[in-house]
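Report on the following structure.
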Amino acid sequence: MALLKYEEIAESLRVRIASGEFQPGETVPSGRDLAEQWSVSRATAIKAMDVLRADGVVEARQGTGFIVTETPVARPAGGRQAGSARASGMPFLRVGTPDRAMPPAHVAEALRLGADVEALRRVRVLQLPDGSPHSYVTAWFPPEVADEAPRLAQPAPIAEGTSRYVRRQTGRFPVEGTDTTTVRLATEAEAEHLTLTGPTAVAVVLHTAYDQEGRPVVCEEGVTPGALFERVETYPM
């Protein structure tokens, strides 16, 4: 499916930022410059910047324009339901270095992996505005995706966004997602990273994204303390 013009502009800027052309803290081209460069209306150029701002790639700075964010931003786990508003971005900290590991049985089943097949694991902690932890998130990528997208194995953030990078490398992109929410007690590792004391109930959102051929692209498990978890759905009646 062809990208709309504002999406094409946003994608181009993502790639330029990811390649290092614009470093964190540096100003990106203004809406007026982009409009002239792409022969589009200024409204279209601004819409492209709004996409990047919503995804946490750039932020508006008064008197300067849009700059590349200093802190990588992610969306809270479970905020991807079709028809819902875009989830607000959150800064995050990478935990360890991405590695290949045996996923838990329920993740292996979601990714349709055979026995003893390792997946690429990326772990991060999403943070609240005051820097305290919000969610402990583990993303698992099947080996065929990880093999074609080597930057997934690097600890540095992917400025253009993981989904867009995977699409550029593999041609595969999410068209459908399934979220399964359960409740249990936090594990020791989760409690440590979420600074929980004593047995604490957590909401666990298992998000699996499927590509245009129905193949799983990623399985992400987000663990959020019950006191911080909220899901709002709007639907016709």
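Computed over heavy atoms, backbone and side chain alike; hydrogens, waters and symmetry mates excluded.
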### Message
For Arg184, give me all partners under side chain to side chain donor-acceptor pair (under 3.5 Å), at least two apart in sequence or on another chain.
### Response
Glu190

### Task
Before accepting this row, confirm whether a basic side-chain N of the pair Asp50/Lys47 lies closer than 4.0 Å to the acidic partner's carboxylate O.
no

### Summary
CD of Glu26 to CD1 of Ile67, rounded to nearest 0.5 Å, is 10.0 Å

### Common cluster, Leu194/Val204, ILVMFWY with side-chain heavy-atom separation under 4.5 Å
yes

### Task
Working to the nearest 0.5 Å, report the span between CD of Glu220 and CG of Asp179.
9.5 Å

### Message
Distance check, rounded to the nearest 0.5 Å: Arg124 atom CZ versus Arg94 atom CZ?
### Response
6.5 Å

### Task
Kindly indicate, with the supporting measurements, whether the criterion side-chain contact (heavy atoms from CB on, under 4.5 Å) is fulfilled by Thr181 and Phe229.
CA-CA 11 Å; Thr181 305; Phe229 183 82; 4.1 Å; yes

Name every donor-acceptor pair, under 3.5 Å, that has one atom in a side chain of residues 28-35 and the other anywhere in the protein, sequence neighbours excluded.
residue : atom : partner : partner atom : Å
Ser30   : OG   : Asp33   : N            : 3.1
Ser30   : OG   : Asp33   : OD2          : 3.2

### Query
Linking I/L/V/M/F/W/Y whenever any side-chain heavy atoms sit under 4.5 Å apart, do Val123 and Leu196 land together?
yes

### Query
Does some side-chain heavy atom of Pro174 sit less than 4.5 Å from a side-chain heavy atom of Asp211?
no

## Note on the structure
Separation between CZ (Phe66) and CZ (Arg53), nearest 0.5 Å, reads 4.5 Å

### Summary
Quick note, side chain to side chain donor-acceptor pair (under 3.5 Å) partners involving residues 105-117, not counting sequence neighbours, are His106-Glu221

### Message
As an exercise, state the distance from CG of Leu152 to CZ of Arg121, rounded to the nearest 0.5 Å.
### Response
14.5 Å

### Message
Could you tell me if the side chain of Phe141 sits less than 4.5 Å from the side chain of Arg122, heavy atoms only?
### Response
yes

### Message
When you compare the side chain of Pro142 with that of Arg215, does any pair of heavy atoms fall below 4.5 Å?
### Response
no

### Message
Suppose clustering is done on Ile, Leu, Val, Met, Phe, Trp and Tyr with side-chain heavy atoms closer than 4.5 Å. Which residues sit in the same group as Met102?
### Response
none

### Message
Using the rule that Ile, Leu, Val, Met, Phe, Trp and Tyr join whenever any side-chain heavy atoms are under 4.5 Å apart, tell me whether Leu113 and Leu120 fall into a single cluster.
### Response
no

### Task
Would you please test Phe92 and Val125 for side-chain contact (heavy atoms from CB on, under 4.5 Å) and show each step?
CA-CA 5 Å; Phe92 69 87; Val125 174; over 6 Å; no

### Message
According to side chain to side chain donor-acceptor pair (under 3.5 Å), does anything in residues 195-204 pair up with another residue at least two apart or in another chain? List the pairs.
### Response
none

### Query
Do Leu126 and Pro133 touch side chain to side chain, with heavy atoms closer than 4.5 Å?
no

### Residues Val205, Arg231; criterion side-chain contact (heavy atoms from CB on, under 4.5 Å); working and verdict
CA-CA 11 Å; Val205 178; Arg231 169 170 290 171; 4.0 Å; yes

### Message
With a 4.5 Å cut-off on side-chain heavy atoms, are Pro103 and Cys219 touching?
### Response
no

### Message
Could you check whether any side-chain heavy atom of Val145 comes within less than 4.5 Å of a side-chain heavy atom of Val166, counting everything from C-beta outward?
### Response
yes

### Task
Measure the OG1-OH distance between Thr178 and Tyr210 for me, rounded to the nearest 0.5 Å.
4.5 Å

### Query
Are Val137 and Val223 close enough, and set up right, to give a side-chain contact (heavy atoms from CB on, under 4.5 Å), and what steps lead you there?
CA-CA 6 Å; Val137 183; Val223 178; over 6 Å; no

### Task
Look at the side-chain heavy atoms of Ile, Leu, Val, Met, Phe, Trp and Tyr, link any pair under 4.5 Å apart, and say whether Met49 and Ile17 land in one connected group.
yes

### Query
Sub-3.5 Å donor-acceptor pair from the side chain of Thr170 to the main-chain atoms of Arg172, do we have one?
yes

### Query
If Ile, Leu, Val, Met, Phe, Trp and Tyr residues are connected whenever their side-chain heavy atoms lie under 4.5 Å apart, and connections chain through other members, are Ile46 and Trp38 in the same group?
no

### Task
For Ser41, check side chain to side chain donor-acceptor pair (under 3.5 Å) against everything at least two apart and list the hits.
Thr44

### Query
Is there a side-chain contact between Glu11 and Glu8 (heavy atoms, below 4.5 Å)?
no

### Query
Does the side chain of Thr224 reach to within under 4.5 Å of the side chain of Val202, using non-hydrogen atoms?
no

### Task
Using modelled atom types only, decide if a donor and an acceptor are shared between the side chain of Thr69 and the backbone of Val58 within a distance under 3.5 Å.
no

### Message
Main chain of Arg151, side chain of Tyr165: is a donor-acceptor contact present, judged purely on distance under 3.5 Å?
### Response
yes

### Message
Treating Glu7 as the side-chain partner and Leu4 as the backbone partner, does any N or O pair qualify as donor plus acceptor under 3.5 Å?
### Response
yes

#### Entry: Note: Glu118-Arg100 ion pair, threshold 4.0 Å (strictly below)
no

